[in-house]
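To keep things clear, I will list the structure first and then write my remarks on it.
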Amino acid sequence: ASEAEEKDLVIIGGGVAGYVAAIKAGQEGLKVACIEKRGTLGGTCLNVGCIPSKALLNNSHLYHQILHDTKNRGIDVGDVKLNLGQMMKAKDTAVSGLTKGIEFLFKKNNVEYIKGTGAFTGEHEIKVNLSEGGEQTVTAKNIIIATGSEATPFPGLEIDEKRIITSTGAIALDKVPESMVVIGGGIIGLEMGSVWSRLGAKVTVVEFLGQIGGPGMDAEISKAAQKTLKKQGIEFKLNTKVLGGDTSGEKIKLDVEAAKGGKQETLDADVVLVAIGRRPYTAGLGLENIGLETDDKGRLVIDSEYRTKIPHIRVIGDCTFGPMLAHKAEEEGVAAIEYIKKGYGHVNYGAIPSVMYTHPEVAWVGQNEQEVKASGVKYKVGTFPFSANSRAKTNLDSEGLVKIIADAETDRILGVHIIGPSAGELIAEGTLAIEYGASSEDIGRTSHAHPTLSEAFKEAAMATYGKAIHF
Ligand code: FAD
Ligand code: NAI
């Protein structure tokens, strides 16, 4: 019976963008179905992205700390051994708990969950190839495309997810490789490179550009991050391009050369992680059947209300514009439903935080110093090192700094950049400050509990318009 009935909304893709939109639609009383082909909800983020990578980052950090950072804390540890199988199980438990949680939320909010692959057969009609066999046709007044992204392949290196891997292979290796070369020193390269380096692999990161961290990271913070990661044992080859690889021998041989041409060398590796970015995924969606096209980067083109040129078909998340981040996808999921239901919605793209979950973490929001400089706005910078923060000191975890960039005339905060312990939690305060148009003096005059890491944020703000007390 449900087949014949037209829905208010059908969503293709049950990743963060799609499942959040589905729950919100259910809450708003829309008759909604969500089509997902993976077999589980949560998309890249919950299944093979944010969640499994953070489980491994947390536990590999604990292992590394127990090996190298206990004696001076007064803890003598005996025989420490890695049980990689159990570490992977702990990761899988986190993933399955969370993906099942979304299924529960679907039931709670009356979202129909259709397991299968959806493709357009008309502007209001989607044919689903059901995972358990057979087909189902779904019609809807509104449709949201939320089909996400996939790893960008490296030409000439065939991904087998065992020796030549993407992040999906990197969260599931069954033994610690002796050596790993990471192509691309962006967020995935540095997070997964950190995991395997901590577990014992010799990790070399090859990055085309002159700085690590990918687009967006402040150059000063990127330098600091590289320095600490190098101290942890990761080797970097910046301004270097990979020419090609040979996988026929026991070791993979990668030919690299200076990006500007010249010096060539060959790197040996047991495993090569390809982490040169992600690209929108719209394969098999039947876009040609309804005349929807993608731009030169594979993104579906939309207006400011997420509408394609067919106005009842909207697009959110990784398969369209903007940063490929789960919390950005989530905001769009909510806003898209508000547009459908109420005619207005809101996402502030100037206040979307980024976090790299290495140790220490790196987090930022707003503009970096390069961008502010290029914009021509007069600005001032306040910094505060965690080495002068009492909580970081007591925790024996005081590497890093907070850097705040404010408009020289209005004192309004333009960017917050943190490298340090719990930077990913601390950045929430910076995001709130930017969202509400705070000045650095607003922050500097706000009481922060002592002793906490957040005092470093307050003192960096004080340093922006005056002087910090403790440095
Ligand atoms: P996706 O999560 O990719 O979901 C799209 C879903 O659509 C998929 O499940 C797919 O199976 C389904 N689908 C596609 N086509 C069809 C079809 N035709 N029919 C039915 N279903 C279909 N972001 C963060 O903010 N923080 C992090 O810490 C973080 N860590 C990451 C770590 C890794 C290793 C990776 C790879 C990514 C990470 N990201 C992180 C990015 C984050 O995962 C993405 O931004 C987020 O998943 C995007 O959500 P989405 O819903 O747009 O797409
Ligand atoms: P990225 O865009 O962050 O970094 C890719 C890096 O590879 C860049 O530094 C780029 O200069 C470099 N590069 C590109 N081509 C190259 C080549 N041929 N040789 C050498 N280097 C090359 O992309 P990444 O790390 O693959 O991650 C993809 C996306 O996934 C991120 O942009 C982010 O949106 C998301 N993600 C977010 C995480 C988080 O929020 N913590 C964690 C992991 C992924």
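Remember, it's 1-based here, ligands and their atoms both numbered in the order they're listed.
Under the 4.5 Å side-chain criterion, counting only non-hydrogen atoms from C-beta, E125 is in contact with T137. In this structure the side chain of I313 reaches within 4.5 angstrom of the side chain of I290, judged on heavy atoms. Put simply, the side chain of I418 reaches to within 4.5 Å of the side chain of I427, judged on heavy atoms. No side-chain heavy atom of W364 sits less than 4.5 Å from a side-chain heavy atom of D218. When side chains are defined from C-beta on, I212 counts as touching L238, because their heavy atoms get closer than 4.5 Å.
When every heavy atom of E191 is checked against every heavy atom of K54, the shortest pair comes out as OE1-NZ, 2.9 Å. The two atoms that bring P280 and K297 nearest to each other are CD-O, 3.2 Å, heavy atoms only.
Scanning A275, G184, G424 for the heavy atom closest to atom 5 (C) of ligand 2 points to A275. Closest heavy-atom approach to atom 5 (C) of ligand 1 among the candidates G13, A21, A146: A146. Nearest-residue assignment for atom 53 (O) of ligand 1 (options G148, G43, P52, S149; heavy-atom criterion): G148. In this structure, of C34, C50, P323, the residue bringing a heavy atom nearest to atom 30 (N) of ligand 1 is C50. Evaluated by nearest non-hydrogen atom to atom 44 (C) of ligand 1, the leading choice among I316, D318, T44 is D318. Of the candidates I276, V205, V242, I187, I187 brings a heavy atom nearest to atom 38 (C) of ligand 2. With atom 32 (C) of ligand 1 as the reference point, the heavy atom nearest to it among G15, A326, P353, G49 is part of G49.
Using a 3.5 Å distance cut-off with no hydrogens or angles, the side chains of E103 and Y19 do not pair a donor with an acceptor. For the residue pair D255/T266, the side-chain donor-acceptor check at 3.5 Å is satisfied. Side-chain polar atoms of H359 and D397 form a donor-acceptor pair below 3.5 angstrom.
Taking 4.0 Å as the cut-off, K54 counts as a neighbour of ligand 1 on heavy-atom distance. The shell of residues lying under 4.0 angstrom from ligand 1, judged by heavy atoms, excludes M192. The shortest heavy-atom distance from Y19 to ligand 1 is not under 4.0 Å. A heavy-atom separation below 4.0 Å is not found between A119 and ligand 1. Judged by the shortest distance from any of its heavy atoms, V48 lies inside the 4.0 Å radius around the atoms of ligand 1.
For R299, the salt bridge (charged side-chain N to carboxylate O under 4.0 Å, His left out) partners at least two apart in sequence or on another chain are D295. For C34, there are no disulfide (SG to SG under 2.5 Å) partners two or more places apart in sequence or in a different chain.
Taking every non-hydrogen atom of G214 and a distance limit under 4.0 Å, the qualifying atoms of ligand 2 come out as 9 (O). Listed by number with element, the atoms of ligand 1 under 4.0 angstrom from any heavy atom of C45 are 2 (O), 43 (O), 47 (O). Close contacts of ligand 2 with V206, meaning ligand atoms under 4.0 Å from a residue heavy atom, involve 20 (C), 21 (N). Per-residue contacts place M324 under 4.0 angstrom from the following atoms of ligand 1 (heavy atoms of the residue considered): 41 (C), 45 (O). Heavy-atom contacts of G116 reach the following atoms of ligand 1: 19 (N), 20 (C) (cutoff under 4.0 Å). Below 4.0 Å from some heavy atom of H327 lie the following atoms of ligand 1, by number and element: 25 (O). Close approach of ligand 1 to S167 (heavy-atom distance below 4.0 Å) involves ligand atoms 34 (C), 36 (C). Near L325, meaning under 4.0 Å from one of its heavy atoms, ligand 1 places the atoms 23 (N), 25 (O), 45 (O). Near L209, the atoms of ligand 2 lying under 4.0 angstrom from a non-hydrogen atom of the residue are 11 (O). Atoms of ligand 2 found under 4.0 Å from any heavy atom of Y357, numbered from 1 in the order shown, are 41 (N). Of all atoms in ligand 1, numbered sequentially from 1 with element shown, those under 4.0 Å from a heavy atom of G317 are 52 (O). Ligand 1 places these atoms under 4.0 Å from at least one heavy atom of Y281: 14 (C), 15 (N).
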For salt bridge (charged side-chain N to carboxylate O under 4.0 Å, His left out), just list the numbers for K237 and E257, CA-CA rounded to whole Å, side-chain angles, deciding distance to a tenth of an Å, and then say yes or no.
-> CA-CA 10 Å; K237 291 192 177 297; E257 84 171 9; over 6 Å; no

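Between A17 and ligand 1, an N or O atom pair is found at a separation short of 3.5 Å. For the pair V16 and ligand 1, the shortest N or O to N or O distance falls below 3.5 Å. Geometrically, ligand 2 and E191 share a nitrogen or oxygen pair separated by less than 3.5 Å. At least one N or O atom of G118 sits closer than 3.5 Å to an N or O atom of ligand 1. The shortest N or O to N or O distance between E36 and ligand 1 is below 3.5 Å.
Taken to the nearest 0.5 Å, the OH atom of Y306 stands 8.5 Å off from the CD1 atom of I316. Between the CD atom of E332 and the OG1 atom of T320 there is a distance of 7.0 Å, given to the nearest 0.5 Å.
For atom 22 (C) of ligand 1, the closest non-hydrogen atom of the protein is K37 CG, 3.8 Å. Distance from atom 21 (N) of ligand 2 to its nearest protein heavy atom, with residue and atom name: F208 N, 3.2 Å. Scanning all protein heavy atoms for the shortest distance to atom 44 (C) of ligand 2 gives I188 CG1, 3.3 Å. In terms of protein heavy-atom proximity, atom 31 (C) of ligand 2 is closest to M324 O, 4.7 Å. When only non-hydrogen protein atoms are considered, atom 23 (O) of ligand 2 lies nearest to G277 CA, 3.3 Å. Taking atom 19 (N) of ligand 2 as the reference point, the nearest protein heavy-atom neighbour is I183 CG2, 3.7 Å. Among protein heavy atoms, the minimum distance from atom 28 (C) of ligand 2 is reached at R278 CG, 3.6 Å. For atom 8 (C) of ligand 2, the closest heavy atom belonging to the protein is E207 OE1, 3.5 Å. Nearest non-hydrogen protein atom to atom 18 (N) of ligand 2 is F154 CE1, 3.5 Å. Ranking protein heavy atoms by distance to atom 16 (C) of ligand 1, first place goes to T147 CG2, 3.7 Å.
One finds no salt bridge joining E112 and K31 here, because no Lys/Arg side-chain nitrogen approaches an Asp/Glu carboxylate oxygen to under 4.0 Å. Salt-bridge formation is detected for the pair R279/E150: a Lys NZ or Arg NE/NH1/NH2 atom is positioned less than 4.0 Å from an Asp or Glu carboxylate oxygen. In this structure, D270 pairs ionically with K251, as a charged nitrogen and a carboxylate oxygen lie closer than 4.0 Å. A salt bridge does not link E235 with K230: none of the charged nitrogens is closer than 4.0 Å to a carboxylate oxygen.
Here R278 has side-chain heavy atoms under 4.0 Å from ligand 1, and that is the only part of it that gets that close. With a heavy-atom cut-off of 4.0 Å, V355 touches ligand 2 through its backbone alone. Residue-level proximity to ligand 2 for K241 is absent, since no heavy atom of it falls below 4.0 angstrom.
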